[in-house]
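Throughout, numbering of the chain's residues begins at 1 and tracks the sequence. FYI, side chains are in, hydrogens and waters are out, and symmetry mates aren't considered; it's all heavy atoms of this structure.
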Amino acid sequence: MSATTPDSAAHEVASVGAIQLGCIADDFTGATDLASNLVRAGMRVVQTIGVPGGPLDAEVDAVVVALKTRTVPAAEAIAQSLRALKWLQECGARQFYFKYCSTFDSTAQGNIGPVTEALMDALNIDFTIATPAFPDNQRTVFKGHLFVGDMLLSDSGMQNHPLTPMRDASLVRVLQAQCRRKVGLIDYQVVARGETAIRERIAQLRREDVAIAIVDALSNDDLLRLAPALQGMPLVTAGSGVAIGLPKNFGIAPSLQACALPPARGLKAVVSGSCSLATGRQVQAFIQSGRPALAVDPLRIAAGVDVAAEVLAWAQPLLASGAVLVYSTADANTVKSVQGEIGITEAGVMVEHALAAIAHGLVALGVRQLIVAGGETSGACVQTLGITQMQIGAQIDPGVPWCHARTAVAPGAGLHLALKSGNFGADDFFTKAFTLL
Ligand code: ADP
């Protein structure tokens, strides 16, 4: 664990000791992904939902503030990010990490460039890096071009994204279009030569008035070679990949202690609102394991039936003998026909509200180990449960850790949560996760 010497100026917010690394993530599940990488590298991490109004619950090395700023207007993304920065500064953070998607999801206007520049202005700095490289998830950067698996970003399917279509794989060009400052490149040949070469390249770029450098990385080794050159850099901007090397800069090594959560007990349940293919397989695997599962029908919710009350009455007698699953997960055709009848947004919101009410009811019935499948569904459940901070524990599958949170619905020991975004997790995720806990 780190030998932290709390910064004397740092106690306005962090009543339990100064943090080392302050992170700002532009979406919820991306925040968890970053937090999980930091925990694996040895940091004790709390993720907050939005900028907290009060102090931290636990003594940690890093905090990830989860915002929802990826596609909001740039001015709003800047305002929220600066609020998060201020709070993290008050917590004593010595380095800041702006985390965005590993496919560099943004529009021609932002928000990666505008938020990066606003953070640079606020910190009064003239240089930072930008790299979405995450080799563990097949995101690599070569000569400033982002690859998703074997394909350029612009051929990867991301060119058709409904909100942030990525039609250019040249990150220097993409970021330059969003920035006032000059954008440059630290290429793979420099990265391969390690810290001194990277620091020399940074000095050279600064002399050329470059303020933000895209960094190539083809492997985790590249990210680990990059990390020492980031020591002392006030702001790092990246996907979650760069996080694997940062804890070492603070004298922190991987440890079991970093992912330790309070002991788990209480009843178990899974709530699934994700219709992604991986979740579909996970629902089928749970049903085939013989555990009780109940499907929620969106058309009955739309017809005004109190589906949550029905589900809770079904679940109550079953919970004592093990995990139950409640799901709206359905195949693409079924979802399309529901959306045709109710409307796309309306169906989404209606199902999210119903599943969040069910999650709330399950916790009120004594569930203390809860898996939620679906990014938006997780957001709705966390909000309904009034959760504002989550301590990050061990990874179940890549990108999905167990977390622990306090909520008035589970007074005392709190609640263990696993929030799984759609396509994450192996087929046996819903059963394996409880065994690991
Ligand atoms: P993922 O992480 O897989 O994208 P999300 O929870 O983010 O999952 O998104 C799934 C969306 O689909 C949510 O808005 C949810 O309410 C909605 N949804 C879930 N089940 C159904 C269904 N059977 N019909 C229509 N919409 C659904």
Side-chain angles (χ1 to χ4, degrees), residues 23-36 45-53 63-72 76-77 80-81 83-84 99-101 105 111 161-164 240 269-276 278-279 282 296 298 301 308 326-329 335 344-363 367 370-392 396 399-410 414-425 429 433:
C23 310
I24 303 166
D26 71 352
D27 92 331
F28 187 89
T29 41
T32 310
D33 180 14
L34 170 62
S36 192
V45 183
V46 158
Q47 175 179 336
T48 70
I49 290 80
V51 182
V63 176
V64 183
V65 176
L67 301 178
K68 208 171 182 306
T69 50
R70 188 166 292 169
T71 54
V72 302
E76 176 59 25
Q80 285 192 40
S81 304
R83 270 202 301 280
K99 194 272 175 191
Y100 36 75
C101 190
D105 297 17
N111 292 328
H161 191 283
L163 302 176
T164 53
S240 65
V270 185
V271 172
S272 175
S274 158
C275 297
S276 298
T279 309
Q282 289 153 357
V296 167
I301 304 172
V326 180
Y327 64 100
S328 67
T329 306
V335 171
I344 296 176
T345 316
E346 293 79 356
V349 170
M350 216 175 267
V351 174
E352 283 166 34
H353 279 161
L355 292 181
I358 289 165
H360 187 285
L362 289 168
V363 176
V367 167
L370 178 68
I371 299 173
V372 184
E376 295 298 326
T377 310
S378 294
C381 290
V382 162
Q383 193 174 25
T384 303
L385 287 164
I387 290 168
T388 56
Q389 297 183 19
M390 304 192 308
Q391 197 182 338
I392 308 296
I396 304 161
V400 201
W402 270 112
C403 308
H404 181 265
R406 308 215 171 267
T407 158
V409 194
L415 172 68
H416 286 76
L417 273 172
L419 306 174
K420 189 196 81 72
S421 79
N423 271 320
F424 283 11
F429 185 90

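- For D26, the salt bridge (charged side-chain N to carboxylate O under 4.0 Å, His left out) partners two or more places apart in sequence, or in a different chain, are R70.
- Taking Y100 as the reference, F98, F104 meet the ring pair (Phe, Tyr, Trp, His ring centres under 6.0 Å) condition, with sequence neighbours excluded.
- Looking at T279 and K420, their side chains do bring a donor and an acceptor atom within 3.5 Å of each other.
- Atom CD of E352 and atom OG1 of T384 lie 9.5 Å apart (nearest 0.5 Å).
- The number of heavy-atom neighbours closer than 6.0 Å to NE2 of H353, taken from other residues, nucleotides and ligands shown, is 12 or below.
- With hydrogens and angles disregarded, a donor-acceptor distance shorter than 3.5 Å links the side chain of N111 to the backbone of T69.
- Atoms CG and CG, from D27 and L34 in turn, are 11.0 Å apart once rounded to the nearest 0.5 Å.
- Within the model, atoms NE2 of H404 and CD1 of I387 stand 9.5 Å from one another, a figure rounded to the nearest 0.5 Å.
- Distance CD1/I301 to OG/S328: 7.0 Å, rounded to 0.5 Å.
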### Task
Step by step, work out the side chain to side chain contact (heavy atoms under 4.5 Å, CB included) result for V351 and V296.
CA-CA 9 Å; V351 174; V296 167; 5.7 Å; no
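- Between the S276 side chain and the A278 main chain, no donor and acceptor come within less than 3.5 Å of each other.
- Among the candidates T329, V372, V326, the single residue satisfying the side chain to side chain contact (heavy atoms under 4.5 Å, CB included) test with S272 is T329.
- The minimum heavy-atom distance between A84 and V65, with the atom names listed, is CB-CG1, 4.0 Å.
- Summarising the geometry of S378 relative to L419, their closest heavy-atom pair is OG-CB, 3.6 Å, with the distance given to 0.1 Å.
- Closest non-hydrogen pair, S274 versus G422, comes out as OG-CA, 3.5 Å.
- The number of heavy atoms from other shown groups lying within 6.0 Å of CD (Q383) does not exceed 12.
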### Task
Just do the side chain to side chain contact (heavy atoms under 4.5 Å, CB included) check on V382 and F28 with the steps written out, would you?
CA-CA 11 Å; V382 162; F28 187 89; 4.1 Å; yes
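- Between the CG atom in L67 and the CD1 atom in I49 there is a gap of 11.0 Å [rounded to 0.5 Å].
- Separation of atoms OG1 (T29) and CD (E376) is listed at 8.5 Å; rounding is to 0.5 Å.
- Taking all atoms of both residues into account, the shortest heavy-atom contact from Q80 to V51 is O-CG2, 4.2 Å.
- Every residue two or more places apart in sequence or in another chain that forms a side-chain hydrogen bond (donor to acceptor under 3.5 Å, both in side chains) with Q47 is listed here: T32.
- With contacts defined as side-chain heavy-atom distances shorter than 4.5 Å, the pair P52/T388 does not qualify.
- Under the 4.5 Å side-chain criterion, counting only non-hydrogen atoms from C-beta, M390 is in contact with L417.
- Between D33 and K99, the closest heavy-atom pair is OD2-NZ, 4.3 Å.
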